[in-house]
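Beneath this line is the structure, given in structure tokens, with notes to follow.
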Amino acid sequence: MSQMRAMRLHAPGQPLQLERVPRPLPGEDQVQYRVLACGVCRTDLHVVDGELPSPRLPLVPGHEIVGEITAVGEGVGHLSPGMRIGVPWLGWTCGECEACVAGRENLCTQARFTGYTLDGGYAEYGVADARYCFPLVAEDAQAAAPLLCAGLIGYRTWRLAGGEQNRRLGIYGFGAAAHILVQLAVARGQRVYAFTRPGDDAAQAFALRLGAVWAGDADQAPPEPLDAALLFAPVGELVPLALAQVRPGGAVVSGGIHMTDIPAFPYRLLWQERSVRSVANLTRQDGEEFLALAPTVPIRTETRAYPLEQANQALADLREGRLTGAAVVIP
């Protein structure tokens with residue numbers, strides 16, 4: 001059996017190990033792909049650092065994958081070798097539970113997730129269920145990789161917060177998702193207010209360069225009340241801070257899969273029909289809509305490339321806030 005290089009997690013809290021392992025073969029309804037690029041997402045940090053429970057071990061992380069199909073399994077009819085695909089976080093759903101039947105496959109009770117309960121893209125090759133792959137026309141794999149989660153989750157968060165109906169939009173945590181979403185919001189005529197770690201002048205300047213009308217520290221008040229606030233930083237203390245800046249009837253939506261505990265806050269912050277909600281995973285419809293929309297904006301990602309063997313450094317740079325835009329691993 002052919003071998004490949006892969007960065008694998010053997011225990012939460014430990015560095016990934018560069019190993020030679022058998023190249024996976026496609027089963028029924030699966031495709032095998034050569035990894036062209038894999039974005040580094042904050043969810044990867046939550047998996048590697050042990051903040052998400054019970055990952056598959058040993059595990060190949062990574063779920064913002066751009067690949068080229070190299071083989072297909074039985075039952076695959078709409079994809080063929082040579083095609084370029086995107087492989088996202090949602091890797092499989094049962095299609096039979098109450099959530100799936102209701103069209104909410106992102107809440108499937110048996111869902112499997114790329115780079116968490118399924119091997120992901122920090123490797124030279126991978127396999128994925130063909131039904132959960134998105135055909136891509138993007139020529140620049142490195143630029144396209146962050147769209148597969150930062151873009152998709154950002155889009156779902158924006159949509160669940162009210163989408164285009166919000167004129168004044170706050171974004172807390174100006175990382176990969178925010179730098180994509182701000183471009184969509186500005187293109188839709190929204191006024192974006194960017195909130196960063198206190199004193200993060202580089203992130204604030206980055207937000208202003210991408211079209212935000214104001215940028216400041218997360219504990220600061222913007223010049224006017226927000227219609228909605230989107231939270232991409234995994235910091236529970238941001239929830240009451242954001243609620244305090246949202247107008248009556250506005251929404252605070254958290255786009256993260258993990259967040260530190262939310263502190264107690266006075267009811268007056270929630271009163272007047274403000275709402276707080278979370279986003280869980282994505283649906284294939286989200287992917288189809290956003291990937292069709294992104295070229296029309298057009299959305300331009302800003303990335304820093306790391307070779308496969310430096311995946312630990314990419315994770316460390318993300319953890320410590322040393323990135324502007326998104327990190328991408330290139331095998």
Side-chain angles (χ1 to χ4, degrees), residues 39-46 64 143 145-161 166 168-188 190-224 226-246 251-260 279 290 294 297 299-304 314-328:
V40 179
C41 178
R42 185 162 294 276
T43 301
D44 298 339
L45 277 183
H46 297 319
E64 295 181 331
L147 301 179
L148 272 301
C149 185
L152 296 185
I153 293 299
Y155 172 73
R156 184 172 180 86
T157 304
W158 175 79
R159 186 169 61 79
L160 293 187
N166 298 309
R168 298 161 300 184
L169 189 69
I171 299 180
Y172 286 76
F174 208 85
H179 102 283
I180 292 171
L181 185 61
V182 68
Q183 298 176 62
L184 171 61
V186 169
R188 291 296 182 269
Q190 295 175 301
R191 295 171 60 82
V192 176
Y193 298 82
F195 299 82
T196 72
R197 298 181 188 186
D200 193 343
D201 296 336
Q204 292 173 19
F206 185 41
L208 293 171
R209 177 163 63 82
L210 290 176
V213 298
W214 177 90
D217 296 350
D219 57 358
Q220 291 182 312
E224 55 183 337
L226 305 173
D227 295 320
L230 312 183
L231 274 55
F232 296 115
V235 182
E237 289 84 356
L238 292 177
V239 173
L241 289 176
L243 276 170
Q245 307 307 332
V246 170
V252 174
V253 182
S254 173
I257 194 171
H258 170 82
M259 177 177 275
T260 59
V279 168
F290 177 71
V297 172
I299 289 175
R300 310 291 187 191
T301 60
E302 299 203 16
T303 61
R304 183 191 302 178
L315 289 166
D317 288 346
L318 176 59
R319 185 184 293 110
E320 299 302 321
R322 294 191 289 260
L323 289 168
T324 299
V328 179

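Just so you know, these numbers use all the heavy atoms, side chains as well, and skip hydrogens, waters and symmetry mates. Keep in mind the model is a prediction, meaning the values are calculated, not measured. Nothing fancy with the numbering, it's 1 onward along the sequence.
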Set of residues satisfying salt bridge (charged side-chain N to carboxylate O under 4.0 Å, His left out) with respect to Arg156, sequence neighbours excluded: Asp286
Side-chain donor or acceptor of Asp44 paired with backbone N/O of Cys41 under 3.5 Å: yes
Nearest heavy atoms of Glu64 and Ala145, plus distance in Å: CB-O, 3.2 Å
Considering all heavy atoms, the nearest Ala314-Val40 contact: CB-CG2, 4.0 Å
Reported CG-to-CD1 distance for the pair Leu230 and Ile153, which is rounded to 0.5 angstrom: 12.5 Å
Residue pair Ile180 / Pro146: nearest heavy atoms and the distance that separates them: CD1-O, 3.8 Å
Residues forming a side chain to side chain contact (heavy atoms under 4.5 Å, CB included) with Ala233, sequence neighbours excluded: Val235, Leu238
For Arg168, all residues meeting side chain to side chain contact (heavy atoms under 4.5 Å, CB included), sequence neighbours excluded: Tyr193, Glu224, Pro225, Asp227, Arg247
Check: Ala143 main-chain N/O paired with Thr301 side-chain donor or acceptor under 3.5 Å: yes
Distance, nearest 0.5 Å, that separates CG of Asp219 from CD of Gln245: 10.0 Å
Interatomic spacing from CG in Leu147 to OH in Tyr155 - rounded to 0.5 Å: 13.5 Å
Euclidean distance, Leu323 CG relative to His179 NE2, rounded to 0.5 Å: 11.0 Å
Validation row: Phe232, Thr157 side chains within 4.5 angstrom (heavy atoms): yes
Separation of Leu184 CG from Arg159 CZ (nearest 0.5 Å): 12.0 Å
Residues in side chain to side chain donor-acceptor pair (under 3.5 Å) contact with Thr196, at least two apart in sequence or another chain: Gln204
pair Phe195-Leu226: side-chain heavy atoms closer than 4.5 Å: yes
Heavy-atom side-chain proximity of Leu169 to Trp158 below 4.5 angstrom: yes
Partner residues of Arg188 under the salt bridge (charged side-chain N to carboxylate O under 4.0 Å, His left out) criterion, sequence neighbours left out: Glu164
Atom pair CG (Leu181) and CD1 (Ile299), whose distance is rounded to the nearest 0.5 Å: 8.0 Å
Closest approach of Glu237 to Leu241 (non-hydrogen atoms, all atoms of both residues): O-CG, 3.5 Å
Ignoring hydrogens and angles, write down the donor-acceptor pairs under 3.5 Å from the side chains of residues 206-216, residues two or more places apart or on other chains.
from	atom 1	to	atom 2	distance (Å)
Arg209	NH1	Glu302	OE2	2.8
Arg209	NH2	Glu302	OE1	3.2
Arg209	NH2	Glu302	OE2	3.3

For the student: nearest non-hydrogen atoms of Ser254 and Met259, plus distance: OG-CE, 3.4 Å
Atom of Val246, atom of Ala228 and distance for their closest heavy-atom approach: CG2-C, 4.5 Å
